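Fair warning: this is a prediction, and the values are worked out from it, not measured in the lab. Numbering starts at 1 and runs along the sequence shown.
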Amino acid sequence: QVQLVESGGGLVRPGGSLRLSCAASGRIFSINVMGWYRQAPGKQRELVAGITSGGSTNYADSVQGRFTITRDNAKNTMYLQMNSLKPEDTAVYYCNLKDLRGRFDYWGQGTQVTVSS
């Protein structure tokens, strides 16, 4: 019943920036955790950044200081501002929502981010 739609991916040069968006719809419990995950070919999916409905955040060491996760609870939208992008950031980025009320886990379809010269 919950749908997540990502947007904002694309091709950028090293050092460039992108902002990803994730729009959530459906019956969403007010207390939840949203996050961005990424998966590169041949590698395991990893958590990039997470944010609670209260605004607490955490980041992977590899993106700390370069990426910023935010959310607009009124719009049910989450963002990932990515600066100083590196080739190793290349991956499919997925939006995730964890419903802490019903213990459900929802995923978006993914958006490709490619960092290359």
Side-chain angles (χ1 to χ4, degrees):
Q1 298 301 112
V2 175
Q3 291 185 316
L4 305 175
V5 180
E6 301 107 328
S7 62
L11 173 64
V12 297
R13 292 183 170 87
S17 298
L18 282 174
R19 189 179 78 154
L20 305 183
S21 299
C22 173
S25 62
R27 291 184 61 85
I28 304 170
F29 185 58
S30 60
I31 302 177
N32 58 68
V33 178
M34 298 186 74
W36 291 97
Y37 292 73
R38 68 186 182 187
Q39 187 168 26
K43 297 183 179 180
Q44 292 184 321
R45 186 173 299 186
E46 64 174 346
L47 175 67
V48 177
I51 184 167
T52 70
S53 50
S56 298
T57 61
N58 67 283
Y59 298 89
D61 290 342
S62 59
V63 307
Q64 182 73 48
R66 299 188 297 120
F67 292 9
T68 302
I69 187 171
T70 58
R71 65 187 291 171
D72 186 333
N73 291 334
K75 296 181 178 180
N76 285 325
T77 302
M78 177 181 64
Y79 307 93
L80 184 68
Q81 179 66 47
M82 304 185 294
N83 298 326
S84 302
L85 283 162
K86 305 174 181 179
E88 51 262 46
D89 294 318
T90 296
V92 177
Y93 284 70
Y94 297 92
C95 177
N96 171 264
L97 185 150
K98 299 183 186 297
D99 184 338
L100 301 184
R101 172 66 170 80
R103 300 177 183 177
F104 292 112
D105 202 28
Y106 302 97
W107 294 91
Q109 81 288 350
T111 185
Q112 177 71 48
V113 172
T114 302
V115 184
S116 176
S117 60

Looking at [X], I want to see if its [atom1] is surrounded by more than 12 non-hydrogen atoms of other residues, nucleotides or ligands under 6.0 Å.
X   : atom1 : answer
R45 : CZ    : yes
Q1  : CD    : no
E46 : CD    : yes

Working to the nearest 0.5 angstrom, can you tell me the gap between [X] [atom1] and [Y] [atom2]?
X    : Y   : atom1 : atom2 : value
T77  : L4  : OG1   : CG    : 10.5 Å
Q64  : N58 : CD    : CG    : 9.0 Å
T111 : Y94 : OG1   : OH    : 10.0 Å

Quick check: does any side chain N or O of [X] sit under 3.5 Å from a backbone N or O of [Y], one acting as donor and the other as acceptor?
X    : Y    : result
Y59  : I69  : yes
T90  : V115 : yes
Q109 : E6   : yes

Please find the pair of heavy atoms, one from [X] and one from [Y], that lie closest to each other, and give the distance.
X    : Y   : value
F67  : V48 : CD2-CG1, 3.6 Å
A40  : A91 : N-CB, 3.9 Å
G35  : M78 : O-CE, 3.4 Å
S117 : P14 : N-CD, 3.7 Å
R38  : S62 : NH2-OG, 3.4 Å
N96  : Y37 : CB-CE1, 3.7 Å

Return a table of donor-acceptor pairs under 3.5 angstrom between the side chains of residues 17-29 and protein atoms on other chains or two or more places apart.
unit_1 : atom_1 : unit_2 : atom_2 : d
S17    : OG     : N83    : OD1    : 2.9

Should M82 and V113 be marked as a side-chain contact (heavy atoms from CB on, under 4.5 Å) after you check the CA-CA gap, both sets of side-chain angles, and the distance that decides it? CA-CA 10 Å; M82 304 185 294; V113 172; 3.9 Å; yes
Side chain to side chain, T57 and T68, heavy atoms closer than 4.5 Å: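 The answer is no, as the side chains (C-beta and beyond) never meet within the 4.5 Å cut-off.
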Distance-only side-chain donor-acceptor flag, R71 / N32, under 3.5 Å: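 Result is yes, a qualifying pair exists.
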